[in-house]
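Only one structure is covered here, and it is reproduced in the block below.
Just so we're on the same page: letters track the sequence lines, and every chain starts at 1.
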There are 2 protein chains.
Amino acid sequence: MFSKACTYGIRGALYIASRSKAGEFTGVKEVASKLDIPQAFTSKILQTLVKSDIVTSVRGPNGGFKLNDEVSKTVLDVVLAIDGTDYFVGCALGLTECSSENPCPLHTEFVNIRSSLRNRLAAMSLSEARELLEEQHFRISG
Amino acid sequence: MFSKACTYGIRGALYIASRSKAGEFTGVKEVASKLDIPQAFTSKILQTLVKSDIVTSVRGPNGGFKLNDEVSKTVLDVVLAIDGTDYFVGCALGLTECSSENPCPLHTEFVNIRSSLRNRLAAMSLSEARELLEEQHFRISG
DNA sequence: ATAATAAAGGACAAATTAGTCCGGAATTAT
DNA sequence: ATAATTCCGGACTAATTTGTCCTTTATTAT
């Protein structure tokens with residue numbers, strides 16, 4: 001479904017959310033080891049989240065990553081930051097001619113499925129996801 | 001969404017369906033050029049559709065490909081043959097712990113979205129898709 | 001039989017995605 | 001100031017997906 005980088009990014013964001021309540025920063029090392037994601041790759045992914053303004057980073061001792069605004073930032077934001085709009089645009093069959101005026105046989109169903117996907121991702125803020133995970137003692141690890 | 005090979009496969013199957021009504025066979029060359037897909041790649045993809053029992057091929061002059069049973073074969077069959085079950089199984093966030101007993105925050109929504117995707121694909125037979133395309137004079141080309 | 005046609009299949013090449021390595025820059029503690 | 005820590009960024013490698021090429025095999029027409 002999502003690219004690996006993308007699922008890593010979502011899990012990373014959620015882990016950081018769950019760890020940095022008191023304004024603390026979480027380091028890549030910890031994120032990577034706890035989520036069992038290669039460290040250098042985790043670093044890359046968190047860098048793109050920084051550029052997308054989803055997390056903030058500080059260097060040096062006690063540095064690390066912190067969510068920017070877990071209440072307004074959603075899972076969709078992370079998906080868009082890493083995988084872009086792939087899942088939400090274009091004909092699923094790759095038909096250039098396909099549009100709402102001239103829909104392919106699966107057009108309507110895909111519009112519905114994709115918009116419901118998008119809506120659900122947009123409705124799930126990182127803080128809500130974090131809370132739900134914590135409520136059931138969910139391990140975010142791989 | 002789907003892999004390129006998969007969308008090529010769907011379009012290929014639909015093109016063959018639209019061309020081989022009178023028991024005729026359609027060649028890769030024609031499929032590839034009409035759909036603007038690389039010929040050798042088209043060949044590979046049609047081969048996997050043959051192995052999956054979705055199309056039948058015959059070699060030699062006037063040979064080519066023909067759908068096996070466009071009424072019972074569905075778009076889902078093509079997707080499964082080429083991309084496998086990727087889109088329909090496993091936690092979208094890559095959480096191994098996630099299951100219906102211990103669902104991640106997005107579990108239920110994903111189950112719904114994916115099953116509706118699967119249902120729509122399973123409900124769309126290749127013949128129905130072909131008819132819908134023909135009714136609106138749809139070009140299947142890229 | 002022979003030649004022409006067309007799919008099958010294996011080996012290869014290109015592009016994309018996944019993942020690694022390492023030096024540099026910023027921050028903090030001593 | 002210096003050393004330790006930690007993120008940044010570029011160049012690299014590995015794996016997968018996409019796509020090519022060429023030889024073989026089956027079928028048909030002459």
Output the rounded distance in Å from NZ (B:K29) to P (C:dA7).
9 Å
Taken to the nearest whole Å, CG/A:D83 to P/C:dT17 is 9 Å
Do the numbers put A:R114 on top of the ring of A:F88, so that NZ or CZ is under 6.0 Å from the six-membered ring centre and no more than 45° off the axis?
no
With no hydrogens and no angle check, is any side-chain donor or acceptor of B:R11 less than 3.5 Å from a backbone partner on B:I140?
yes
Starting from P on D:dC22, measure out to CD on B:Q39 and report it in whole angstrom.
13 Å
What does the inter-axis angle of the helix from C:dA1-D:dT30 to C:dT30-D:dA1 come out as, five pairs per end, nearest 10 degrees?
0°
Running the 4.5 Å side-chain criterion over Ile, Leu, Val, Met, Phe, Trp and Tyr, what cluster does A:V71 land in, apart from itself?
none
Just by modelled atom types, is the B:M1 backbone N or O under 3.5 Å from a matching donor or acceptor in the B:Y87 side chain?
yes
Respond yes when some side-chain nitrogen or oxygen of B:Y8 is under 4.0 Å from OP1 or OP2 of D:dG19, and no when none is.
yes
Using only side-chain N and O atoms of B:K4, determine if any of them is under 4.0 Å from OP1 or OP2 of D:dG19.
yes
Detail all sub-3.5 Å separations between protein N/O atoms and N/O atoms belonging to nucleotides 2-4 of chain D.
none

side-chain contact (heavy atoms from CB on, under 4.5 Å) between B:F138 and B:L132, intermediate numbers included:
CA-CA 8 Å; B:F138 212 103; B:L132 289 168; over 6 Å; no
In residues 44-59 of chain B, what residues come within less than 4.0 Å of DNA chain D, judged by heavy atoms?
B:K44, B:R59
Residue A:F41, side-chain atoms from C-beta onward, closest of C:dA7, C:dA18, D:dT20
C:dA18
Rounded distance in Å - NZ (A:K66) to P (D:dT6)
17 Å
Presence of salt bridge, B:E70 and B:R130, under 4.0 angstrom:
yes
When the nearest nucleotide of DNA chain C is assigned to B:G63 and to A:S3 on a heavy-atom basis, which residue is associated with the more 5' position?
B:G63
May I ask you to verify if any side-chain N or O of A:N62 is less than 4.0 angstrom from the OP1 or OP2 atom of C:dA29?
yes
Between D:dA26 atom C1' and B:F65 atom CZ, what is the distance in whole Å?
13 Å
Can you confirm whether B:L80 sits close enough to B:L76 that some side-chain heavy atom of one is under 4.5 Å from a side-chain heavy atom of the other?
yes
Quick one about A:N119 and A:S116 (side-chain donor to acceptor, distance below 3.5 Å, no hydrogens or angles considered), yes or no?
no
Apart from B:V58 itself, its cluster of hydrophobic side chains linked below 4.5 Å comprises B:F25
Rounded distance (Å) that lies between atom P of D:dG19 and atom CG of B:L35
13 Å
Under 3.5 Å, is there a donor-acceptor pair between the B:N102 and B:S99 side chains?
no
Could you work out, with side chain to side chain donor-acceptor pair (under 3.5 Å) as the rule, every residue matching B:N68, not counting sequence neighbours?
B:D53, B:T56
Whole angstrom is fine here: how far is it from CZ in B:F25 over to P in C:dT5?
19 Å
Sub-4.5 Å side-chain heavy-atom contact between A:I113 and A:L117:
no
Comparing B:A40 with A:V28, nearest DNA chain D nucleotide closer to 5' gives the residue A:V28
